[in-house]
Novice: 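Dropping the structure in here first, questions after.
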Amino acid sequence: MDRRTNPEEAPEAAPRRGPLAPLAMLSRRTAPPLLIYLVAGMSGFATIAETFWVRRSLDLSPADLLALSAWLTVPWTLKMVFGHLVDTVPILGSRRRAYVLVGALLQIAALLGLAAAAAGVTAGVPAETVYVAASLVAVVGLVVQDNVADALTTEVVDRVAPDGTPRDPEVVKAELGDVQVLGRVAMMGGAFAVAGAGGWVAQVLPAAAVFLIAAALPLPSLIAAAMLREPPAAGPGMEPLEPPDPRILFGGLAFGAAMLGLGLGAPPFAQEIAFLLTLGVLVWLLRVTVAEVPPETKRAMAAAAVVIFAYRAAPPAGPALQWWQIDVLGFDEGFFGTLAQIGTGLSILGALLLGGRIVRWPLAAVLAGLAVLGALFALPTIGMLFGLHHWTERMFGFGARTLGLVDTALSAPLAQLGMIPMLTLIAMHAPPGRRATWFALMASLMNLALQAGAILSRGLNAVFVVGRGDYAALPELVIAATLVGLALPLVAIALLGHRLRAKAMPPPAGVPAAHAAAGGWSGRAAEAPAGGAARAE
């Protein structure tokens, strides 16, 4: 859905933001990345069948499976390398369609291989060998498609009109945010659609049949490849073809090899070493990618990255909380499945209803508000650790399960709502010609924040030791994790929030600075740009 500026008319108005506003961005042009995200969400369809088949039929020890899990992280570790290839190395002249086809075909081939192994028709090749190879191929296919989809979400919104005049930055930001909302909804929708079906099908059909069904699920990616439009190499909205940067390619490959060595060797403090190594490599590669960006813009983007990192690094309480829910509250597999389904459904609804609005608010205010809400919504769980469920059951007739449902209903949408403004900010400042590279690096930085949260969680669990069946220290652990998760983003915002306020953030990539100054780009869409554009509601 293209909204462009006519030089003979007043500047285009920022669209009004009502419920379900992101749906207005659904179009033939935005469909390809959404279809690819849908496939990514559905990729877990055969997980349950795979788990039981591996356990029953393959001669793989727990150590073998742990080693495989280390290998399977490598393609995601190398996402920046794949992203750079997508940006700089065309296949038969294509930088987008060809990579989607390659990724989808790799997925299909991997699942057909698993189906053949499960059916015992692998022409003498051990089923274990086929399983390992297919698992790696499937992950590579997903990573390649994910890189293309990320790049497309920044390219389906025009920064300039057909005549070369810049579009209003407020409108660009709103449309980029809407596309990110739709992307999250598509991925969660795919996961929601197969969450129950995968388990039911695994109960009634043999594993080979489940893998064959799963091999048909990448079909939307093939449709996306047929529909998508290659970015122009010249003219308005061009995506310049840059030569591959050996620093990104070989630096990323060396990094992936180091991470694999840490995963397989498991030296002392491997998690901390991996974290510091990853942080150093990502900072270096980000500096390489934005080398030509003005210094003020670099500082503003660095401040935003630190605030986002601090928000994402909130430590979880760890598995002890779930053990307590199983042992003391009596939550079983079915109830946890119900919570997962409800959480995913409410996340989809929350993203559709609120996602289009929060991208129009200041990033610091959004993340601070979500951090505070996250701490408040942890209170039902903390209350149950002190017996709240016994009191509610005695006074009102409902107990732990009802409180668990309430907790899920309140907290589930927060994680996705926090992702949307972050992804919008990343999309806004993706440099032309390196959009997939930039998105891959920033996504890796956000994922690294989760690793930082895991390290913090391990430290808290070392201070507040909780063993199986001994939950005396669990209340202190959960309270400490909640307070640390609240303090991290609030401190970061207090220190760096001034760089995220009006006039501090740079205009979107591709919007000339002169127009941004004239048009009122402030990093805050609630202000009407000069020229009479309507204030967003």
Novice: Measure the shortest side-chain to side-chain distance between Asp150 and Tyr37 over non-hydrogen atoms and say whether it is less than 4.5 angstrom.
Specialist: yes
Novice: Only counting residues at least two apart or in another chain, list the ones meeting side chain to side chain donor-acceptor pair (under 3.5 Å) with Gln451.
Specialist: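 Counting only residues at least two positions away or on another chain, Gln451 forms no side chain to side chain donor-acceptor pair (under 3.5 Å).
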Novice: Report the residues that fulfil ring pair (Phe, Tyr, Trp, His ring centres under 6.0 Å) with Tyr131, sequence neighbours left out, ordered by chain and then residue number.
Specialist: Trp53
Novice: Is there side-chain contact between Thr129 and Thr122, with at least one heavy-atom pair below 4.5 Å?
Specialist: no
Novice: Side-chain contact, heavy-atom cut-off 4.5 Å: Asp146 with Phe82?
Specialist: no
Novice: Holding to side chain to side chain contact (heavy atoms under 4.5 Å, CB included), I want the full list of residues that pass it with Ala98, two or more places apart in sequence or in another chain.
Specialist: Ile91, Ser94
Novice: Let me see the working for Leu286 and Trp438 under side-chain contact (heavy atoms from CB on, under 4.5 Å), right down to the final yes or no.
Specialist: CA-CA 8 Å; Leu286 284 169; Trp438 168 258; 3.9 Å; yes
Novice: I need the full list of salt bridge (Lys or Arg N to Asp or Glu O under 4.0 Å) pairs touching residues 244-260, with sequence neighbours left out, sorted by first then second residue.
Specialist: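 Only Asp245-Arg247, Asp245-Arg434 qualify under salt bridge (Lys or Arg N to Asp or Glu O under 4.0 Å).
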Novice: Using the test side chain to side chain donor-acceptor pair (under 3.5 Å), find all partners of Glu128 that sit at least two apart in sequence or belong to another chain.
Specialist: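 If we apply the side chain to side chain donor-acceptor pair (under 3.5 Å) test to Glu128, skipping adjacent residues, there are no hits.
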Novice: Who passes side chain to side chain donor-acceptor pair (under 3.5 Å) against Thr424, sequence neighbours left out?
Specialist: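 None.
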Novice: According to side chain to side chain contact (heavy atoms under 4.5 Å, CB included), who are the partners of Pro421, at least two apart in sequence or on a separate chain?
Specialist: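 Side chain to side chain contact (heavy atoms under 4.5 Å, CB included) list for Pro421, sorted by chain: Ile358, Leu363, Val366.
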Novice: Kindly indicate whether the side chain of Phe439, heavy atoms from C-beta on, has any atom under 4.5 Å from the side chain of Ile426.
Specialist: yes
Novice: Going by side chain to side chain contact (heavy atoms under 4.5 Å, CB included), name the residues that satisfy it together with Thr88, two or more places apart in sequence or in a different chain.
Specialist: His84, Pro244
Novice: Go through the structure and list residues passing salt bridge (charged side-chain N to carboxylate O under 4.0 Å, His left out) with Arg458, not counting sequence neighbours.
Specialist: Glu272
Novice: Do Met446 and Met419 have side chains that get closer than 4.5 Å, going by heavy atoms?
Specialist: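 Side chain of Met446 against side chain of Met419, heavy atoms only: contact under 4.5 Å found.
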Novice: Please report the C-alpha distance between Val39 and Leu217 in whole Å, then the side-chain angles of each, then the deciding distance to 0.1 Å, and finally whether the side-chain contact (heavy atoms from CB on, under 4.5 Å) criterion is met.
Specialist: CA-CA 7 Å; Val39 170; Leu217 295 182; 5.8 Å; no
Novice: Listed by chain and number, what are the side chain to side chain donor-acceptor pair (under 3.5 Å) partners of Ser43, not counting sequence neighbours?
Specialist: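 Ser43: no side chain to side chain donor-acceptor pair (under 3.5 Å) contacts found.
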Novice: So, using side chain to side chain contact (heavy atoms under 4.5 Å, CB included) as the criterion, who are the partners of Ala443 when residues are at least two apart?
Specialist: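 With sequence neighbours excluded, Ala443 shows a side chain to side chain contact (heavy atoms under 4.5 Å, CB included) to Lys79, given in chain and number order.
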Novice: Scan the side chains in residues 180-188 for donor-acceptor partners under 3.5 Å anywhere in the protein, sequence neighbours excluded, and list what turns up.
Specialist:
| from | atom 1 | to | atom 2 | distance (Å) |
| --- | --- | --- | --- | --- |
| Gln180 | NE2 | Thr153 | OG1 | 3.1 |
| Arg184 | NE | Gln416 | OE1 | 3.0 |
| Arg184 | NH2 | Gln416 | OE1 | 3.2 |

